[in-house]
There are 2 protein chains.
Amino acid sequence: MTEDTEKPSRKRQARGEKRIAELLDAAERVFAAKGFKGATTNAIAAEAGASPGTLYQFFKNKEAIAEALTARYVERLRAAHGEAFDLSVADLPLNVMLDRILDPLIAFDRANPGFYALLADPHTSPDLVGAKRPAQAVMFDRLDAILERKAHGQPPEQRRRTAEVAVHLFRGLLPLIMAASEEDLPAVITEVKRALGAYLDGALADADR
Amino acid sequence: MTEDTEKPSRKRQARGEKRIAELLDAAERVFAAKGFKGATTNAIAAEAGASPGTLYQFFKNKEAIAEALTARYVERLRAAHGEAFDLSVADLPLNVMLDRILDPLIAFDRANPGFYALLADPHTSPDLVGAKRPAQAVMFDRLDAILERKAHGQPPEQRRRTAEVAVHLFRGLLPLIMAASEEDLPAVITEVKRALGAYLDGALADADR
DNA sequence: CGAAAATACGAGCAATTACTCGTATTTTTA
DNA sequence: TAAAAATACGAGTAATTGCTCGTATTTTCG
């Protein structure tokens with residue numbers, strides 16, 4: 001077995017891939033506007049210019065749409081900012097590091113409002129929770145690795161908690177970031193960085209104590 | 001007109017008040033478990049041991065239930081912690097002030113999971129948003145007043161933003177607080193206070209600059 | 001007491017919605 | 001080119017759900 005968890009179906013056409021992308025684009029808009037429960041599969045199909053039957057040709061059910069969309073976000077997040085989130089930033093001063101990490105992350109979130117809509121919803125089924133885990137892990141794991149490099153002496157448990165709190169802290173401020181007008185955004189970003197910087201600064205100082 | 005925005009109906013019986021309280025208790029549980037959209041009015045009625053007809057005798061529709069529940073939370077929040085959130089805490093050292101404010105607030109949130117469930121849901125109708133505003137205002141206004149007293153020289157606009165960010169910061173960490181086991185809670189609370197303390201400390205230091 | 005009002009019930013309606021299925025069209029492939 | 005497979009359609013269905021309404025019981029009050 002090299003790479004086949006797929007059924008013995010014949011082949012997916014380029015047309016199909018295009019439709020899937022269109023359906024996910026549509027789902028992104030509808031989820032962002034209405035949330036998961038509020039979104040209608042018929043509305044997603046219509047938004048994509050497709051029929052319900054076509055939608056269900058590619059997705060087993062509504063949850064599968066959200067799962068696929070989440071997977072696409074994770075993929076894009078890795079592709080776009082894997083480098084910016086690289087471990088080498090750990091050697092930079094804290095405020096520079098925060099610029100490097102947060103600027104692209106904020107840009108990504110503002111450019112992909114559906115990502116936030118899906119991630120923020122706390123009332124998701126177990127399957128969806130599983131699909132969301134990698135999205136959380138992308139941020140958490142990298143930050144944890146960075147902290148490990150930046151504060152060697154700290155016990156791993158404490159470090160994990162610091163990373164977890166920092167990620168939640170950012171996610172908690174996301175509503176503010178998402179709601180900010182283009183005009184207010186710089187000031188909001190400044191505050192976000194100030195909050196994260198102050199927290200991490202304290203956590204790292206404790207590690208050296 | 002002294003106090004009557006009510007219809008010329010005859011009188012609400014004690015039995016009715018009791019039923020309303022039971023229905024709100026039930027709604028709290030169902031909303032906390034399923035979210036607003038996921039909750040069913042029939043399920044709320046059943047949870048309260050009442051029939052749908054009885055539910056709709058006291059509430060115009062599903063939204064009205066959430067509005068009344070939110071109002072009850074605001075009332076309880078004010079009653080339970082109005083004093084702890086009193087302006088005099090502004091004269092205390094920052095970390096003591098945070099203990100005084102956050103400990104009862106965290107206890108309230110953990111004791112009223114429906115409050116968090118309703119507040120956190122971003123996909124609410126305009127009516128619900130209006131009902132939620134006072135809940136936000138309770139925390140924001142008091143913190144803003146405290147900051148005014150603690151940092152006189154700061155321009156109001158900057159102060160408002162600090163208060164807004166601080167409130168969002170706390171709300172953002174609420175998922176962590178709500179999900180923590182009784183065992184983990186103290187450590188989580190420590191981190192929350194550290195984060196808020198570090199942020200506010202920086203903001204207040206800037207004000208004195 | 002007795003009438004009116006408040007409370008209570010729950011079957012069921014109208015609307016919504018996730019999803020199916022029979023059928024038609026386009027693309028692949030042998 | 002012809003059969004098979006993939007894609008597409010959209011009316012229809014079964015289930016869910018917010019809410020109503022006719023009716024029955026309890027409480028209030030003159």
Side-chain angles (χ1 to χ4, degrees), chain A residues 4 6-27 29-31 33-69 118 121 123-125 127-128, chain B residues 4 6-27 29-31 33-69 118 121 123-125 127-128:
Chain A
D4 57 338
E6 301 299 318
K7 285 173 185 173
S9 64
R10 287 306 176 216
K11 200 163 48 178
R12 164 148 296 155
Q13 304 181 356
R15 192 170 39 140
E17 300 284 0
K18 193 164 214 165
R19 259 290 196 240
I20 289 177
E22 288 167 356
L23 286 165
L24 290 182
D25 289 344
R29 280 175 245 129
V30 179
F31 283 142
K34 309 275 187 172
F36 178 74
K37 279 228 68 152
T40 286
T41 56
N42 286 7
I44 292 173
E47 175 83 17
S51 70
T54 298
L55 187 155
Y56 280 94
Q57 193 139 36
F58 298 105
F59 299 100
K60 171 168 133 282
N61 53 32
K62 191 177 167 184
E63 276 203 357
I65 304 171
E67 284 170 23
L69 185 56
L118 281 184
D121 193 346
H123 300 287
T124 52
S125 71
D127 281 348
L128 251 253
Chain B
D4 58 338
E6 301 299 320
K7 286 174 184 173
S9 62
R10 288 306 174 214
K11 200 163 49 178
R12 164 149 295 155
Q13 305 180 355
R15 195 171 35 143
E17 300 285 0
K18 192 163 213 165
R19 258 291 196 239
I20 289 177
E22 288 167 357
L23 286 165
L24 290 182
D25 289 344
R29 278 174 247 130
V30 179
F31 283 143
K34 310 273 188 174
F36 179 75
K37 279 227 67 152
T40 287
T41 55
N42 287 6
I44 293 173
E47 175 83 18
S51 71
T54 298
L55 187 155
Y56 281 94
Q57 193 140 34
F58 297 105
F59 299 100
K60 174 168 133 284
N61 53 32
K62 190 177 168 183
E63 277 202 356
I65 305 171
E67 284 170 23
L69 186 56
L118 282 183
D121 194 346
H123 300 286
T124 52
S125 72
D127 281 347
L128 252 251

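Residue numbering restarts at 1 for every chain, and letters A, B, ... go by the order of the sequence lines. Because the structure is predicted, anything quoted here is derived from the model rather than measured.
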ask   = Which nucleotide sits closest to the side chain of A:Ser51: D:dG10, D:dA6, C:dC9?
value = D:dG10
Could you give the [atom1]-to-[atom2] distance, from [X] to [N], as a whole number of Å?
{"X": "A:Lys18", "N": "D:dA8", "atom1": "NZ", "atom2": "P", "result": "11 Å"}
{"X": "B:Arg12", "N": "C:dA6", "atom1": "CZ", "atom2": "P", "result": "9 Å"}
{"X": "B:Gln57", "N": "D:dG18", "atom1": "CD", "atom2": "P", "result": "19 Å"}
{"X": "B:Leu55", "N": "D:dC19", "atom1": "CG", "atom2": "P", "result": "9 Å"}
{"X": "B:Gln13", "N": "D:dT28", "atom1": "CD", "atom2": "P", "result": "5 Å"}

key: A:Gly16 vs B:Ala14, nearer the 5' end of DNA chain D by closest nucleotide   = A:Gly16
ask   = Can you find a heavy atom in the side chain of B:Leu55 that is under 4.5 Å from one in the side chain of B:Ile65?
value = yes
query = salt bridge (charged side-chain N to carboxylate O under 4.0 Å, His left out) with A:Glu22: which residues, sequence neighbours excluded?
reply = A:Arg19
ask   = According to a strict under-4.0 Å criterion, is B:Arg19 in side-chain N/O contact with OP1 or OP2 of D:dT27?
value = no
note = By side-chain hydrogen bond (donor to acceptor under 3.5 Å, both in side chains), B:Glu47 pairs with (sequence neighbours left out) B:Arg29
query = Please, which pairs that meet side-chain hydrogen bond (donor to acceptor under 3.5 Å, both in side chains) have at least one residue in residues 35-45 of chain A, sequence neighbours excluded?
reply = A:Thr41-A:Tyr56
query = Can you pull the side-chain hydrogen bond (donor to acceptor under 3.5 Å, both in side chains) pairs that have at least one residue in residues 57-66 of chain A, sequence neighbours excluded?
reply = A:Glu63-A:Ser125
task = With sequence neighbours excluded, tell me which residues meet side chain to side chain contact (heavy atoms under 4.5 Å, CB included) with A:Arg15.
result = A:Gln13
Can you tabulate the close N/O pairs, meaning under 3.5 Å, that link protein atoms to atoms of nucleotides 15-21 of chain C?
{"unit_1": "C:dA18", "atom_1": "OP1", "unit_2": "A:Ala39", "atom_2": "O", "d": "3.3"}
{"unit_1": "C:dA18", "atom_1": "OP1", "unit_2": "A:Lys62", "atom_2": "NZ", "d": "3.3"}
{"unit_1": "C:dA18", "atom_1": "OP2", "unit_2": "A:Thr41", "atom_2": "N", "d": "2.8"}
{"unit_1": "C:dA18", "atom_1": "OP2", "unit_2": "A:Thr41", "atom_2": "OG1", "d": "3.1"}
{"unit_1": "C:dC19", "atom_1": "OP2", "unit_2": "A:Tyr56", "atom_2": "OH", "d": "3.0"}
{"unit_1": "C:dC19", "atom_1": "OP2", "unit_2": "A:Lys62", "atom_2": "N", "d": "2.9"}
{"unit_1": "C:dC19", "atom_1": "N4", "unit_2": "A:Asn42", "atom_2": "OD1", "d": "3.3"}

